[in-house]
Asks: 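Got a structure for you, written out below as structure tokens; questions coming shortly.
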Amino acid sequence: MTTSQAKKVIVLFGTRPEAIKLAPVIFELKNNPKFETVVVSSSQHTDLLKPFLQIFDIKVDYDLQVMTDNQTLNSVCAKVLKGLDEIFDKEKPDIILVQGDTTTAFAGAFAGFNRKIAVGHVEAGLRSGNLHSPFPEEANRRLVTQIATFHFAATHKNCKVLKNEGISGKQIFLTGNTVVDSLHFVLKHCSPSEKIADLIEQTKGLKRVLLTTHRRESFGDKMSGNLLQLKEFVAKQTDTCLIFPVHPNPNVKKITNEILAEQERVYLLEPLDYVDFTTLMKEAWLITSDSGGVQEEAPSLGKPLLVLRENTERPEAIESGVAKLVGENSLSEMLNANYKNETWINSVKKMPNPFGDGTAAKQIVEILEEN
Ligand code: UDP
């Protein structure tokens with residue numbers, strides 16, 4: 001039920017992490033009669049999105065279906081701009097909400113800006129400091145900052161970045177990260193699939209290393225080097241195992257099959273829905289990942305994380321002590337050192353979460369109501 005003066009909000013997402021992080025905001029908006037909510041998916045990810053939308057019972061009102069074979073970032077951008085223009089004409093929204101740093105997020109913000117529709121940027125103020133890494137995400141984040149009306153920042157550091165770039169303090173809101181809200185919801189309300197429950201049973205007593213890797217910057221030698229080192233580690237330490245939900249990107253699949261297929265205590269899985277994946281994070285001894293979202297989830301779960309990247313736009317995870325950046329270090333040495341001495345691994349549980357308390361979505365909706 002909405003009131004006649006309800007503000008109309010378009011919530012736009014296109015990839016798995018955007019959906020995960022906007023789901024709690026959609027939930028809060030839909031439960032508030034002061035808002036009318038229109039959900040738009042660009043479907044920049046297709047198969048990865050569906051199971052997640054089911055968990056949160058999100059109904060997509062418009063699907064822009066931007067995915068084609070060998071599409072370019074420019075074609076994604078052009079399709080989102082064109083598709084949104086038509087939706088704006090029909091729906092006449094007051095606000096468009098975008099999340100993070102994807103091409104969908106940038107195009108959505110730009111489309112709103114061009115039509116003088118207020119743009120809310122969820123997870124604003126992240127910077128790696130290198131315009132070309134991660135690509136194109138760092139540029140997308142900076143561009144959205146230039147044109148957004150509301151900047152919802154997860155941490156003090158993110159707020160500071162925005163202020164230093166000239167954004168007025170009145171437009172910056174410290175809310176925490178909505179991923180913590182999502183994680184809390186899933187852990188409270190959902191149970192893993194039988195397949196994952198069985199895998200946990202089967203690997204009981206082993207130190208589980210959970211891996212995700214899919215970033216463009218990791219493709220090629222970097223990724224094969226990481227996979228080889230993980231393979232050697234698990235082969236040598238017989239009380240460990242490796243669990244890897246393999247990203248569908250062909251650059252990841254091919255190399256994974258070449259290096260990790262049919263290895264003892266190595267479990268290669270299809271991409272998992274969020275409930276199964278969070279369950280595995282919770283049950284992991286150590287997480288290794290180049291993902292952005294996982295850097296926020298590991299501190300929320302008190303799990304040690306080795307970040308398979310050169311740099312990170314989420315230094316809070318490193319500063320909190322929960323994560324270590326692999327960068328130029330040897331992954332193999334880091335794995336073996338932490339296997340021999342588990343002081344860091346055991347200390348992580350008690351470290352405070354820098355990404356908020358799980359009320360970010362509530363705060364965002366209250367702010368939109370008041371402004
Ligand atoms: N994730 C998932 N299933 C998987 C692997 C990851 O649900 O099999 C979740 C993970 O918890 C995180 C998000 O997907 O919230 C991360 O997405 P991704 O790594 O694709 O993107 P990034 O965070 O690097 O932008």
Side-chain angles (χ1 to χ4, degrees), residues 13-24 43-56 58 98-106 122-123 126 128 133-138 140-141 154 177-187 190 192-193 195-196 199 208-219 223 242-249 251-253 256 267-284 287-301 303 305 307-314 317 323 355-356 358 360:
F13 54 76
T15 63
R16 175 173 65 188
E18 287 166 270
I20 290 173
K21 291 173 173 178
L22 284 173
S43 290
Q44 197 177 331
H45 282 169
T46 41
D47 295 346
L48 288 182
L49 265 182
K50 274 185 215 136
F52 187 78
L53 299 180
Q54 276 162 12
I55 294 171
F56 281 86
I58 294 174
V98 299
Q99 197 283 333
D101 54 21
T102 63
T103 300
T104 295
F106 163 64
V122 178
E123 199 181 80
L126 273 70
S128 72
S133 171
F135 176 88
E137 289 83 358
E138 177 74 2
N140 287 338
R141 292 179 192 126
N177 197 306
T178 52
V179 79
V180 185
D181 312 23
S182 261
L183 211 50
H184 284 183
F185 176 90
V186 162
L187 293 175
C190 310
S193 66
K195 194 173 141 213
I196 292 305
L199 179 63
R208 302 183 189 94
V209 180
L210 177 65
L211 167 67
T212 80
T213 179
H214 74 288
R215 310 284 301 187
R216 223 176 282 251
E217 317 85 81
S218 307
F219 293 163
M223 194 175 283
L242 178 67
I243 302 179
F244 180 17
V246 184
H247 198 277
N249 188 305
N251 291 296
V252 184
K253 271 179 132 170
T256 300
Y267 301 90
L268 301 180
L269 313 176
E270 294 293 315
L272 299 171
D273 74 27
Y274 196 52
V275 180
D276 281 349
F277 187 70
T278 47
T279 305
L280 284 178
M281 280 196 287
K282 219 174 89 201
E283 298 295 334
I287 306 172
T288 54
S289 176
D290 61 5
S291 157
V294 173
Q295 289 175 60
E296 292 145 356
E297 289 159 343
S300 309
L301 293 166
K303 286 290 162 180
L305 168 70
V307 181
L308 302 171
R309 289 194 186 191
E310 297 301 314
N311 57 31
T312 176
E313 63 287 69
R314 293 164 172 90
F355 295 108

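All ligand and atom numbering here is 1-based and tracks the order in the structure.
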Asks: Looking only at side-chain N and O atoms, does Thr312 offer a donor or acceptor that is under 3.5 Å from a partner on Gln295?
Replies: yes
Asks: For the residue pair Phe56 and Phe185, is the inter-centroid distance of their aromatic rings smaller than 6.0 Å?
Replies: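 Centroid distance Phe56-Phe185: below 6.0 Å, so yes.
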Asks: Measure across Ala23 and Phe52 and return the closest heavy-atom pair with its distance rounded to 0.1 Å.
Replies: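 Minimum heavy-atom contact is CB-CE2, 3.9 Å.
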Asks: Can you name the side-chain hydrogen bond (donor to acceptor under 3.5 Å, both in side chains) partners of Thr104, sequence neighbours left out?
Replies: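 For Thr104, the residues satisfying side-chain hydrogen bond (donor to acceptor under 3.5 Å, both in side chains) (neighbours in sequence not counted) are Ser42, Gln44.
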Asks: Is Arg314 paired with Glu296 through a side-chain N to carboxylate O contact shorter than 4.0 Å?
Replies: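 Looking at Glu296 and Arg314, the cut-off is met.
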Asks: Output, or 'none' if empty, a list of ligand 1-protein atom pairs in which both atoms are N or O and the distance is under 3.5 Å, rounded to 0.1 Å.
Replies:
unit_1	atom_1	unit_2	atom_2	d
ligand 1	3 (N)	Arg16	NH1	3.3
ligand 1	3 (N)	Leu272	O	2.8
ligand 1	8 (O)	Leu272	N	2.9
ligand 1	11 (O)	Glu297	OE1	2.7
ligand 1	11 (O)	Glu297	OE2	3.1
ligand 1	14 (O)	Arg16	NE	3.1
ligand 1	15 (O)	Glu297	OE1	3.3
ligand 1	15 (O)	Glu297	OE2	2.5
ligand 1	19 (O)	Ser291	OG	3.0
ligand 1	20 (O)	Arg16	NH2	3.0
ligand 1	20 (O)	His214	NE2	3.4
ligand 1	23 (O)	Ser291	OG	3.2
ligand 1	23 (O)	Gly292	N	3.2
ligand 1	23 (O)	Gly293	N	2.6
ligand 1	24 (O)	Arg215	NH1	2.8
ligand 1	24 (O)	Gly292	N	2.7

Asks: Under a 3.5 Å distance rule, please check whether Lys303 uses its side chain to pair with a backbone N or O of Ala284 as donor and acceptor.
Replies: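 Checking the backbone N and O of Ala284 against the side chain of Lys303, a donor-acceptor pair under 3.5 Å is found.
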